[in-house]
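Data block below; observations after.
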Amino acid sequence: MILWIENLGRIGLSFCQSVGVSGLFLSRTVFRKPRLIRLFPLVIEQIYAVGVLSMVIIVLSGLFIGMVLALQGYNILERFGAVEQLGQLVALSVVRELGPVIGGLLFAGRAGSSLTAEIGLMQVTEQLTSMEMMAVDPLWRVISPRFWAGVISMPVLIAIFCMVAMFGSYLVGVEWLGVDAGQFWSNMQASVNFRIDVVNGLIKGLVFGIVVTWIAVYQGYYAVPTAAGIGRATTKTVVYGSLAILGLDFILTSVMLGGW
Amino acid sequence: MLPAIFYEIIKNFLYYNNLTLMIIDEVFKLIFGQDFIQMTDNFVEISDLYFTRNDHWIFRDISLCIPRGKIVAIMGPSGSGKTTLLRLISAQLYPRRGQVLVNGTDIHSLNQTDLYKIRNSMGMLFQSGALFTNIDVFENVAFPLRERTKLPEDIIRSVVLMQLEAVGLRGARDLMPSELSGGMARRVALARALVLNPQLMMYDEPFTGQDPITMGVLVKLIRSLNDNLGLTSIIVSHDVAETMSIADYVYVIADTRIIGEGTPEQVLNDKSPMVAQFIHGLADGPVAFHYPANKYQEDLQL
């Protein structure tokens with residue numbers, strides 16, 4: 001029993017310590033003297049690596065999810081004779097929930113893991129230490145551009161995901177299953193509210209972007225400098241990132257729907 | 001009194017490398033007709049240093065001095081803490097007790113800004129080279145210039161090519177680090193470490209993995225750089241012959257303490273069993289080859 005309490009205490013202390021260290025890490029990354037002219041090209045370079053190179057997986061996933069959603073939705077709506085509501089069903093599902101959540105999960109798997117592995121490898125090969133020896137702060141030169149690139153890229157990727165998903169549902173619903181194109185688009189336009197649906201979806205994307213990129217760069221920076229250590233850090237990024245997205249999605253949805 | 005205070009303020013405000021410091025000194029000498037540099041004889045002074053890692057003592061009560069303008073070798077068996085000592089001098093690690101003075105400043109008491117200011121006067125050649133793998137050789141050497149100076153592009157190009165020429169790799173400027181051999185990577189790292197004209201140069205195992213030609217060139221290069229640029233150099237190495245040939249003073253570390261020191265001749269003729277065993281590479285002696293373990297027969301269950 002005593003051993004159990006001891007272990008519980010140790011886990012609790014270790015959790016508090018990680019939260020404290022990661023909080024300090026984030027504050028040192030974000031709140032620093034702005035050097036925008038030097039930082040800008042580095043952020044652009046990282047937006048390419050983190051955002052542009054994630055486009056393929058985001059576009060393909062969005063397309064297939066939109067297509068599947070249209071197929072399932074058509075089958076159910078057909079029973080009630082309401083197939084013209086297909087556009088509304090797909091748009092609200094994708095913009096409010098599926099876009100931010102699935103986009104975030106894909107981002108954690110593709111960009112988050114690659115950020116962690118890259119920073120971890122720089123740690124193993126002493127690149128970050130050598131940077132410190134050149135009096136260049138790795139938090140400014142390596143971590144900060146990657147963090148901001150992640151934060152900027154995520155809402156944009158989610159917006160692209162939503163648009164492609166709607167196009168996918170149009171292909172299946174209108175072009176294949178024969179739903180009237182005018183009804184499809186006009187119902188979608190009438191039901192989706194820019195402030196409530198689109199902006200809230202993008203806010204979710206921004207929050208997920210901050211959290212996933214924070215987890216990714218933190219895990220990479222503090223990875224144990226061995227091959228196994230980097231492997232563990234990459235796994236943690238995907239697991240913690242995914243759980244954080246799902247948990248935060250529930251909280252944000254509750255707040256946005258006025259539950260809290 | 002006032003000029004001296006003025007000198008300190010200007011130096012702290014403008015100083016970012018050895019060259020700037022020299023220009024400031026010369027300007028003040030011209031204006032006031034006196035030398036303001038207050039230099040101690042030792043660039044690095046370590047006193048009563050204790051360091052542990054995972055509750056295991058690495059150093060116990062170590063004191064040593066690195067004289068200004070000299071090449072000092074730190075030698076000792078594997079695992080004796082030679083690289084750790086370099087990391088303590090550059091404040092990558094913090095001691096449990098004791099003091100490390102670099103150019104008269106307690107390096108472990110500095111905040112990040114002041115630490116980076118003092119690191120501008122240091123260069124370090126890492127055992128692995130530690131080149132940035134996402135940029136080519138030219139950009140690796142140009143990196144400190146781009147980050148720490150505001151030099152125009154044509155000057156950066158000339159300086160980088162001069163550094164690469166000095167290490168014999170001007171022709172490899174467009175190669176990526178993954179295309180270099182271990183020895184070439186070390187030479188690029190040396191060019192990068194020297195590009196900002198440091199006052200203190202630290203070499204971590206510079207001769208390991210080098211072919212005989214490169215090793216010979218490197219030995220000469222380290223000596224000539226030290227003499228021509230007025231550097232102070234610390235070499236951590238296992239290679240007794242090469243290191244002894246260029247070092248002015250040698251410390252031998254083993255068993256958490258300094259077991260021998262002196263000029264290369266004194267160390268070579270040292271009769272103490274531990275130093276003699278290391279220097280002459282003897283299998284039998286007080287420095288154990290085997291890590292502490294149970295009896296061999298017990299482990300084999302014979």
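By convention in this document, chain letters (A, B, ...) are assigned in the order of the sequence lines, proteins followed by strands, and residues within each chain are numbered from 1.
- Around the CZ atom of A:Arg28, the shell of radius 6.0 Å holds no more than 12 heavy atoms that belong to other residues, nucleotides or ligands.
- Salt-bridge check for B:Arg87 with A:Glu132: failed, with every basic side-chain N at 4.0 Å or more from each acidic carboxylate O.
- Around the CD atom of A:Gln17, the shell of radius 6.0 Å holds no more than 12 heavy atoms that belong to other residues, nucleotides or ligands.
- In the displayed structure, A:Ile37 atom CD1 is contacted under 6.0 Å by at most 12 heavy atoms of other residues, nucleotides or ligands.
- Considering all non-hydrogen atoms of both residues, B:Tyr116 and A:Ala135 come closest at O-CB, 3.3 Å.
- Taking both residues in full, the closest heavy atoms of A:Ser130 and B:Ala130 are given as OG-O, 3.5 Å, listed atom of the first, atom of the second, then distance.
- More than 12 heavy atoms of other shown residues, nucleotides or ligands fall within 6.0 angstrom of atom OH in B:Tyr94.
- Residues B:Glu147 and A:Trp140 have side chains in contact (heavy-atom distance under 4.5 Å, counting atoms from C-beta outward).
- More than 12 heavy atoms of other shown residues, nucleotides or ligands fall within 6.0 angstrom of atom CZ in B:Phe132.
- Contact of A:Thr125 with chain B is made through the backbone alone, with heavy-atom distances under 4.5 Å.
- Comparing B:Met124, B:Gln92, B:Gln127 by heavy-atom pairs within less than 4.5 Å of chain A, the highest count is held by B:Gln92.
- Ranked by heavy-atom pairs shorter than 4.5 Å toward chain B, the options A:Arg38, A:Met122, A:Met134, A:Met133 are led by A:Met133.
- Atom CE of A:Met55 has 12 or fewer neighbouring heavy atoms from other residues, nucleotides or ligands inside a 6.0 Å radius.
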- Message: Walk me through whether A:Gln127 and B:Phe126 qualify under side chain to side chain contact (heavy atoms under 4.5 Å, CB included).
- Response: CA-CA 10 Å; A:Gln127 293 179 48; B:Phe126 286 84; over 6 Å; no
